[in-house]
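Since the structure comes first, as structure tokens, the remarks are kept for the end.
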2 protein chains.
Amino acid sequence: MLTVSELSKAAQATPDAVRHYVRIGLLTPSRNPDNGYKLFSDNDIKKMKFICRAKGLGFTLSDIQIIFDHSSRGQSPCPLVRDIIQQRINENRDRLAKLNQLQQRMDEALEKWKLMPDGEPDGDAICYLIESIN
Amino acid sequence: MLTVSELSKAAQATPDAVRHYVRIGLLTPSRNPDNGYKLFSDNDIKKMKFICRAKGLGFTLSDIQIIFDHSSRGQSPCPLVRDIIQQRINENRDRLAKLNQLQQRMDEALEKWKLMPDGEPDGDAICYLIESIN
DNA sequence: TAGACCCTAGGTGCAGCGCACAGGTCAATG
DNA sequence: CATTGACCTGTGCGCTGCACCTAGGGTCTA
């Protein structure tokens, strides 16, 4: 049986992350009756490593919760997993597109501003650099 | 003088966004003594439009707060603005890189899983699709 | 005995709103 | 004139995934 920090090291995470997962119910440790410390089993190590891997593939913590639920009810989570990752891929594509557009707008602004002097407050504009865009 | 929804329309934002900006102190409307409603001035329209433009350039709301502060103290925010956008550009580059890597990992996983059948729970793996990665 | 380190619970902060809830306002209708 | 319904308002909580902090308590070593 492991403590919080031991589990965190075993899965290369932080103790805060482990506590967070306990708080939201992803992990349900037993307790050391002597001192109230959380006690994790070997199965929790497996779950913790699973969480890290799934997060690295873009699954959210609540996705992972759902996967655990299915799995603990004896159902195969695989069809679900395929659906979810497809969703996450789509979402990520959208986010990437938006961030790329943002990056372009920022680059353009910076480039344009290189040719413009700083403005002094004139009681009219707040910042004429920014207000010159669009 | 405008109400929340009137201001939101004038700046093409949602009423909730306007309320949010009031809550965090970006806008400081007066109040209608009759009903307690927020009342916005023409200057608030200018600020609201400024907020939208700045957000579109990647400035955070607290960046914008700082810009307002400088400007209201009669200082030119322009040098600051140049610094901030450079920071945001760098941050965004990092985020893009991470999301691109994520996208690649997701795509690879999906591709690999196409050749794998769904697994049935065997009391050992949680989801062997996910556990097959890395 | 002091310092260093582990643990607990709980709260706050981040970004930018969206949404829920309870209630007010206003024009149109019966 | 009263009521209905649409739309407005205010406030407060929730989301994501932790990191950090407080305030307390225990353990272990030098």
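Residue numbering restarts at 1 for every chain, and letters A, B, ... go by the order of the sequence lines. Keep in mind that this is a model prediction, so the values were computed, not measured. Heavy-atom basis, side chains included; hydrogens, waters and symmetry copies ignored.
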Backbone of B:Leu99 reached by a side-chain donor or acceptor of B:Gln103 within 3.5 Å: no

For A:Lys114, the salt bridge (charged side-chain N to carboxylate O under 4.0 Å, His left out) test, sequence neighbours excluded, returns A:Glu111

Interface residues of residues 85-108 of chain A with DNA chain C (non-hydrogen, below 4.0 angstrom): none

What residues 56-71 of chain A contributes to the DNA chain C interface at heavy-atom separation below 4.0 Å is none

Would you please name every residue forming a side-chain hydrogen bond (donor to acceptor under 3.5 Å, both in side chains) with A:Glu91, sequence neighbours left out? A:Arg88

What is the first contacted nucleotide of DNA chain C and what is the last, in 5' to 3' order, if contact means an atom lying under 4.0 angstrom from a heavy atom of chain B? C:dG16 to C:dT25

Under the ring pair (Phe, Tyr, Trp, His ring centres under 6.0 Å) definition, can you give me all pairs with a residue in residues 18-70 of chain B, not counting sequence neighbours? B:Phe50-B:Phe68

Where at least one partner belongs to residues 108-130 of chain B, residue pairs that pass ring pair (Phe, Tyr, Trp, His ring centres under 6.0 Å), sequence neighbours excluded: none

Decide if atom CG of B:Asn35 counts as having more than 12 heavy atoms of other residues, nucleotides or ligands within a radius under 6.0 Å. yes

What protein N or O atoms touch nucleotides 22-25 of chain D N or O atoms at under 3.5 angstrom, if any, and at what distances?
none

Write out a two-atom table: protein N or O, nucleotide N or O from nucleotides 12-14 of chain D, distance below 3.5 Å.
from	atom 1	to	atom 2	distance (Å)
D:dG12	N7	B:Arg23	NH1	2.6
D:dG12	O6	B:Arg23	NH2	3.1

To the nearest 10 degrees, how far apart in direction are the end axes of the helix from C:dT1-D:dA30 to C:dG30-D:dC1, each fit to five base pairs? 30°

Sequence neighbours left out, cut at 3.5 Å: what donor-acceptor pairs do the side chains of residues 4-12 of chain A make with other protein atoms?
from	atom 1	to	atom 2	distance (Å)
A:Glu6	OE1	A:Thr3	N	2.9
A:Ser8	OG	A:Ser5	O	2.7

Within this structure, what is the CD1-CD1 distance for the pair A:Ile126 and B:Ile67, rounded to the nearest 0.5 Å? 9.0 Å

With salt bridge (charged side-chain N to carboxylate O under 4.0 Å, His left out) as the rule and sequence neighbours excluded, what pairs involving residues 11-25 of chain A come up? A:Asp16-A:Arg19

